[in-house]
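Below: the structure, in structure tokens.
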Amino acid sequence: MNKEVNTVSWDQSLREVMKQLGEAEPTPGGGSVSAIVAALGAAMTSMTAHFSQGEGYEEVQVEVNQALQDMDKIRSACEHLMNKDMESFGQYIEALRLPHHTDKEKQERKQTLQTMKLQSIDIPLQLMECCLYGLYSASPLIEICNRTVLSDVGISIILFEASAQSLLLTVEINLVTLKDEEQHHYYQQRADSFMQKVTTLKQKCLTQVRQRIASDHA
């Protein structure tokens, strides 16, 4: 990791993370925040699942256990991709400093910067995929979870979607400077596809949450 790049980690206190996020530094930035928000969505889903175990929930343990396993994977992926995002930015800064006096040096620097540019698009897309995976995994809990944590699974749905929306902005701002039209089209299509699926699923899930809240308290 480039020592000039500020980083955050899962092991820091929330207060320390908030302080670093508020400083006039490029990292940690939007990518880190988006990863944290998605991980919070996974944590809320896990809480919902843990409250839906034991007596009275024997028939839904397969779904509950699956959700718990999925959320562990998502949190791990978010941590990994957050670190990868900050590392990628550090590599980009180093690439900017590469010598570019000869034609060979200019070409090598150009290729390295292009690789870093693609990473700045690909990493948030991977996080968007995590958000979509989180929504698919959390959705079965809506109808079977402990009703006292029904709003919490709804919050997890909102967090996954909020993270995906944030990541879409990161993709879009990095696509602006991507010159290759074919690559631009490919990444834009992937981002749009993820976001359409996320938005549709989020709306469906929140409708289910509200319907169950209304029926349980009728």
Side-chain angles (χ1 to χ4, degrees), residues 1-9 20-21 23-39 41-42 73-137 159-203:
M1 182 74 74
N2 188 322
K3 293 181 180 179
E4 297 178 17
V5 176
N6 287 341
T7 63
V8 292
S9 80
Q20 283 185 256
L21 286 170
E23 292 175 352
E25 297 288 345
T27 59
S32 300
V33 170
S34 300
I36 291 169
V37 171
K73 292 177 183 177
I74 290 170
R75 286 199 299 273
S76 294
C78 287
E79 180 179 12
H80 169 70
L81 290 168
M82 182 183 76
N83 292 333
K84 192 174 177 182
D85 180 63
M86 291 183 288
E87 181 181 355
S88 176
F89 183 79
Q91 292 171 344
Y92 175 75
I93 296 299
E94 291 175 355
L96 287 174
R97 294 171 178 166
L98 289 173
H100 49 286
H101 305 295
T102 67
D103 289 342
K104 181 181 178 181
E105 288 175 343
K106 289 178 182 178
Q107 183 62 27
E108 288 177 349
R109 181 176 182 270
K110 181 180 178 181
Q111 290 176 348
T112 302
L113 287 170
Q114 177 71 0
T115 299
M116 295 302 101
K117 171 60 67 177
L118 294 180
Q119 281 192 18
S120 74
I121 297 168
D122 190 58
I123 292 171
L125 280 173
Q126 290 180 61
L127 279 165
M128 287 182 76
E129 190 170 11
C130 285
C131 293
L132 181 59
Y133 178 35
L135 285 165
Y136 278 124
S137 182
L159 290 173
F160 282 131
E161 195 261 351
S163 176
Q165 289 282 10
S166 304
L167 292 159
L168 178 62
L169 286 176
T170 300
V171 170
E172 289 174 341
I173 198 167
N174 287 317
L175 276 175
V176 170
T177 54
L178 185 62
K179 305 298 183 183
D180 189 300
E181 290 187 8
E182 185 175 338
Q183 288 181 328
H184 189 288
H185 180 69
Y186 167 73
Y187 283 116
Q188 186 67 65
Q189 273 201 325
R190 281 190 67 194
D192 290 343
S193 176
F194 281 142
M195 200 64 242
Q196 184 179 21
K197 291 175 182 177
V198 165
T199 301
T200 300
L201 189 53
K202 185 266 298 191
Q203 291 173 341

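The shortest side-chain heavy-atom distance between Asp85 and Met82 does not fall under the 4.5 Å cut-off. For the pair Gln20/Glu25, no side-chain contact is recorded, criterion being any heavy-atom separation below 4.5 Å from C-beta on. A heavy-atom distance below 4.5 Å is not found between the side chains of Thr7 and Glu87.
The main-chain N or O of Gly30 is found under 3.5 Å from a side-chain atom of Ser34 such that the two form a donor-acceptor pair. Distance alone, capped at 3.5 Å, places no donor-acceptor pair between the Ser193 side chain and the Gln189 backbone. Formation of a donor-acceptor pair under 3.5 Å by the Thr199 side chain with backbone atoms of Met195 is found in this model. In this structure, Ser163 contributes its side chain and Leu159 its backbone to no donor-acceptor pair below 3.5 Å. Between the side chain of Asn174 and the backbone N or O of Ile121, no donor-acceptor pair lies under 3.5 Å.
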Salt bridge (charged side-chain N to carboxylate O under 4.0 Å, His left out) evaluation trace for Asp122 with Arg190: CA-CA 10 Å; Asp122 190 58; Arg190 281 190 67 194; 3.6 Å; yes

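Around atom CG of Leu169, more than 12 heavy atoms belonging to other residues, nucleotides or ligands sit under 6.0 Å away. Enclosure of atom CD in Glu23 by more than 12 non-hydrogen atoms of other residues, nucleotides or ligands within 6.0 angstrom is indicated.
Of the charged side-chain nitrogens involved, none lies within less than 4.0 Å of a carboxylate oxygen, so that Lys197 and Asp192 do not count as a salt-bridged pair.
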